[in-house]
Amino acid sequence: MTTQPAIELRALSKRYGSTTALDAIDLTVDTGAVFGMIGPNGSGKTTTMRLLLDLIRPSSGSATVLGRDPRTGGPALRRHIGYLPGELRLEGRVTGRALLTHYARISGPIVPGGMQELADRLGLDLDRRVRTLSKGNKQKLGIVQAFMHRPRLLVLDEPTSGLDPIVQREFLTMVKEASANGQTVFLSSHVLSEIQQAAHAVAILRSGKIVSVNSVEKLRLTATRHVRAGFSGTTAEALRASLAGIPNLSRLDVVDGAGPTEVTAKIEGDIDAFVKAISRFTVADLAVEEPDLEESVLTLYGAAPEEAPRVD
Amino acid sequence: MSISEQAHHRAARLATSRLPVLRRSLGDSWRSLVGWSIGVTAAIFLYVPLFPSLGGKDSQMAKLIETLPPQLVRTLNYQNLTSGGGYVESTFFGLLGFVFIVIAATAWGTAAIAGDEESGGLELTLAHGVSRRQVVLERAIALVLRLAWLALLSFLLILALNTPAQLELTPARLAATAGAWLGLALLSGTAALMVGALTGRKLYATAAGAGVAVYGYVLNAIGNQQADLDWLRDLSPYGWAYQHTPLISGVDWGGLGLLYGFSILFLAVAVVALVRRDLKN
């Protein structure tokens, strides 16, 4: 076993005419890591992944994948990579099983029964014809296809899209198992929250550049959380007065309704002051959202995400 | 044998399967192959058995053709309709059969690269342990095998009808003509495959396959009109296949060489093109 990184990108660029899809990115992904790439559509995530698979070629810079250049690594290198395309379109009359068997014939040995086991975990029927599958089930088929030959490196472009929350959780468990198994997982998402439970570190991409690379732990400490609470036996004024002084709280909204008084707010970082402040009241309902790390990191780097009106 | 040994053997068998891309191509297209086989069979049975009543020197058909404008007769290649060879060449290999096999070849040649690329399947295939050259070559072999089957089927059916329909064909000449017909189809099929490999666009690939056929047919038809335009037929793939009437005069090696030579050239360009370029989204 060598300790060389699974992926090493040096000043990697991809230009299409006058547009730059990827602008001199540097990135190192250690062997055995779960590394996430986050960014809006068109930020360069898919371009990066397609470069790793030699589906497209860099305009300049270099990529090293499992110690090889994808340009020259050829089929031998790709047998060690499991790839899930971002826009997975599967067609054809064949069954899922026949399609997977075909890919297994190309990419080398799979553990017997491994295909079925993965399909069972994700709740996928392999005997149905591919073209009759829903988007979510096609996505599951794509995931099985990427995992089944136990590749040393998994390159997964938006793997959680189209999956319901239960399957998403099972998928993240598979990712953690792969990592524990020594496999490296490089995955992308346009929302960090979908992969933050599995990823060790994330790179934030914007307009073809890497804005930051952070460990998820560090992001969590500076995270932004949305909270919603309901209070009985008090008034909006009393609540406002008591919460107004908390320095890291913003977008406070207090509504007196027919039932409990509803409070929504945004808290950056430490949540302790808020919890202490509301403990004086009768709390009828409390919800603290899983921290939106993406929002916090983008705020941190002065690139606030295009804000859609938030419906809570 | 222990369970783990069995498992190992099964895994090894999956891993060492030969020509996986070719097998998949054939497996995916057998329905359309059956469809085209039925079409070709129907075309042969529609025309060929009618020769004794339609063809022949003093037949109704010969009299009808005499009344037609000579330009139209030459465009349709109907000058030799009174012999068995001329009849089969004009009605099947040069007309309906030509249209059928060119459409089949263009459709398969388009699907091989451009169609698969536009549908997103090629991206996933190429992400696996297979080279682009291997994908192009195996899919080209699949194309050749399917078209060769249609040529063999036509050869066998017409040979079976030879005596009952009083065609007086020799097997060698029939084989030479089926070979020319196949070459013409390969040219359209590899043109579609090549343009698909160059551009990744179905529309362009189909236009190339059909364009080669239309260009060849039109040039041949114009060249047929006057003796001093006859040289145009030397520039027409359709002319390469049929201008020396292989069903009557035997194999035309020069014409076959051009048809198959250009097909191989197109295939070589397809390999180089796909190996070099970026895959489209």
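Below, read A as the first sequence line, B as the second, and so on, with proteins coming before strands; counting in each chain starts at 1. For clarity, every value in this text was computed on a predicted model and none was experimentally measured.
Among Leu53(A), Asp54(A), Leu55(A), the single residue meeting the side chain to side chain contact (heavy atoms under 4.5 Å, CB included) criterion with Leu279(B) is Leu55(A).
Leu84(A) does not touch chain B: none of its heavy atoms, backbone or side chain, sits under 4.5 Å away. Only the side chain of Leu90(A) has a heavy atom closer than 4.5 Å to any heavy atom of chain B. Only the side chain of Arg31(B) has a heavy atom closer than 4.5 Å to any heavy atom of chain A. Heavy-atom distances place no part of Val135(B) under 4.5 Å from chain A, backbone and side chain included. Interface remark: Leu99(A) contributes side-chain atoms only to the contact with chain B (heavy atom separation under 4.5 Å).
Chosen from Glu91(A), Gln145(A), Arg89(A), Arg79(A), the residue pairing most often with chain B at heavy-atom distances under 4.5 Å is Arg89(A).
Arg10(A) CZ: more than 12 foreign heavy atoms inside a 6.0 Å radius. Surrounding NZ of Lys209(A) are at most 12 heavy atoms belonging to other residues, nucleotides or ligands under 6.0 Å away. Other residues, nucleotides and ligands contribute at most 12 non-hydrogen atoms within 6.0 Å of the CZ atom of Phe262(B). The 12-atom threshold is not exceeded at CZ of Arg150(A), counting heavy atoms of other residues, nucleotides or ligands nearer than 6.0 Å. Within 6.0 Å of NZ in Lys138(A) there are more than 12 heavy atoms belonging to other residues, nucleotides or ligands. The 12-atom threshold is exceeded at CZ of Phe155(B), counting heavy atoms of other residues, nucleotides or ligands nearer than 6.0 Å.
The side-chain heavy atoms of Val130(B) and Pro75(A), taken from C-beta on, include no pair separated by under 4.5 Å. Contact annotation: the side chain of His128(B) approaches that of His149(A) to within less than 4.5 Å [non-hydrogen atoms, C-beta and beyond].
Considering all non-hydrogen atoms of both residues, Ala127(B) and Tyr83(A) come closest at CB-CD2, 3.3 Å. Ser107(A) and Gly129(B) make their closest contact through OG-N, 2.9 Å (heavy atoms, listed as atom of the first residue, atom of the second, distance).
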**Trace of the side chain to side chain contact (heavy atoms under 4.5 Å, CB included) decision for Arg277(B) with Ile56(A)** = CA-CA 7 Å; Arg277(B) 77 168 162 91; Ile56(A) 56 175; over 6 Å; no
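Panel note: side chain Arg24(B), backbone His102(A); no donor-acceptor pair is recorded below 3.5 Å. Remark: the backbone N or O of Glu123(B) is not paired with any side-chain donor or acceptor of Arg50(A) at under 3.5 angstrom.
No salt bridge links Arg93(A) with Asp28(B); every basic N to acidic carboxylate O contact stays at or beyond 4.0 Å.
Note that OG1 of Thr47(A) and CG of Asp278(B) are 10.0 Å apart. Values are rounded to the nearest 0.5 Å.
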